[in-house]
Amino acid sequence: MTAAVPSAASRIAVVTGASSGIGAATARQLAEAGYRVVLTARRKDRIEALAKELTTAGHSATAYALDVTDRVAVDEFATAFRTIGVLVNNAGGALGADPVATGDPDEWRRMYDTNVLGTLNVTQALLPALTASRDGTVVVVSSTAGHATYEGGAGYVAAKHAEHVLAETLRLEIVGTPVRVIEIAPGMVRTEEFALTRFGGDAQKAAKVYDGVAEPLTADDVADTIAWAVTRPSHVNVDLLVVRPRAQASNTKVYRER
Ligand code: 8X3
């Protein structure tokens with residue numbers, strides 16, 4: 001089946017957390033699909049470099065430095081748009097892998113802030129513009145951690161469950177409006193930063209996550225599923241897409257070759 005060509009009113013796609021990993025890969029793929037991409041992240045230098053790369057390749061891309069947890073800044077950002085077609089809520093991440101008994105409440109708070117309230121902030125701020133496009137798509141990049149727990153994951157798992165609930169509830173609440181809500185839940189994805197951030201920059205601990213796993217997903221694999229879901233015809237709503245590497249049967253069942 002051929003991908004739907006974005007309509008004139010739906011051509012802007014905002015991607016949060018676009019400075020690296022899944023966000024950057026998604027921005028690239030949506031630009032390829034014909035969207036005018038707006039890259040947001042805290043690290044201005046990175047999104048500016050990516051916007052330049054995309055523009056040089058003949059795409060339309062702009063960069064806007066944004067911390068999704070800063071509601072005032074998010075509201076100001078949203079004033080730039082009368083209509084947008086797509087919002088990809090990708091900003092977020094994991095901090096720590098401690099058991100509940102010893103987990104750091106501050107890390108739990110920060111994960112809730114970025115993953116859940118960040119998604120809430122940007123979605124609330126841009127919902128009028130998505131609705132005004134008469135063909136809007138909200139993507140929530142959650143995680144398989146939003147659907148089942150694992151030992152040492154509770155803080156992240158709790159935040160991702162909340163993000164999943166946000167997506168599900170929003171879909172119920174706005175049914176009948178011209179906006180669909182798509183949740184993409186990736187499993188094990190090897191990106192340059194996810195595990196490194198989780199383990200506070202400890203490269204050895206980060207590498208252990210993927211130890212012996214033949215082919216963890218890449219950021220491109222996930223971006224591919226996002227771009228596929230977003231480019232389905234408007235009446236098709238991919239509610240939830242769970243994507244894992246073949247070697248991962250569940251959050252706790254991973255095949256390792258050594
Ligand atoms: C990433 C998946 O297994 O590290 O969102 O929680 S996991």
Side-chain angles (χ1 to χ4, degrees), residues 15-26 41 68 88-100 102-104 107-120 139-168 182-226 229 238-257:
V15 181
T16 70
S19 51
S20 71
I22 294 170
T26 300
V68 294
V88 180
N89 286 296
N90 165 73
L95 296 172
D98 300 312
V100 173
T102 55
D104 179 351
E107 286 183 340
W108 281 55
R109 200 172 292 115
R110 283 159 58 206
M111 285 189 280
Y112 196 88
D113 236 14
T114 51
N115 293 285
V116 189
L117 299 182
T119 296
L120 178 71
V139 177
V140 173
V141 182
S142 63
S143 168
T144 48
H147 297 269
T149 195
Y150 55 92
E151 289 156 90
Y156 181 61
V157 166
K160 286 298 185 184
H161 272 69
E163 211 180 332
H164 160 64
V165 166
L166 185 162
E168 268 210 322
I182 294 172
E183 178 185 350
I184 305 288
M188 185 184 281
V189 187
R190 181 160 46 198
T191 61
E192 49 185 305
E193 291 183 313
F194 177 81
L196 207 55
T197 303
R198 178 170 218 165
F199 294 108
D202 186 328
Q204 250 180 341
K205 277 189 183 168
K208 238 178 139 38
V209 172
Y210 312 104
D211 201 25
V213 180
E215 283 179 291
L217 296 180
T218 65
D220 268 335
D221 292 327
V222 180
D224 192 42
T225 67
I226 295 170
V238 179
D239 280 11
L240 168 65
L241 196 155
V242 177
V243 54
R244 299 180 190 271
R246 189 171 55 192
Q248 185 185 33
S250 80
N251 290 1
T252 51
K253 181 85 178 172
V254 179
Y255 181 73
R256 298 181 193 269
E257 287 178 344

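Position 1 is the first residue of the sequence, and the numbers go up from there. For ligands, and for the atoms within them, numbers begin at 1 and follow the listed sequence.
- Within a 6.0 Å sphere centred on CD of Glu193, other residues, nucleotides and ligands contribute more than 12 heavy atoms.
- Neither side chain, Ser20 nor Glu192, offers a donor N or O lying under 3.5 Å from an acceptor on the other.
- Protein residues with a heavy atom closer than 4.0 Å to ligand 1 are Ser143, Ala145, Tyr150, Tyr156, Gly187, Phe194, Arg198, listed by chain and number.
- Checked for salt-bridge contact, Glu107 and Arg110 miss the test: no charged N lies under 4.0 Å from a carboxylate O.
- Between the CG atom in Leu166 and the OG atom in Ser142 there is a gap of 10.5 Å [rounded to 0.5 Å].
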Original post:
Between Val222 and Ile184, is a side-chain contact (heavy atoms from CB on, under 4.5 Å) present by the stated rule, with each step listed?
Top reply: CA-CA 8 Å; Val222 180; Ile184 305 288; 4.3 Å; yes
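- Legend: residues meeting salt bridge (Lys or Arg N to Asp or Glu O under 4.0 Å) with Arg244, ordered by chain and number and at least two apart, are absent.
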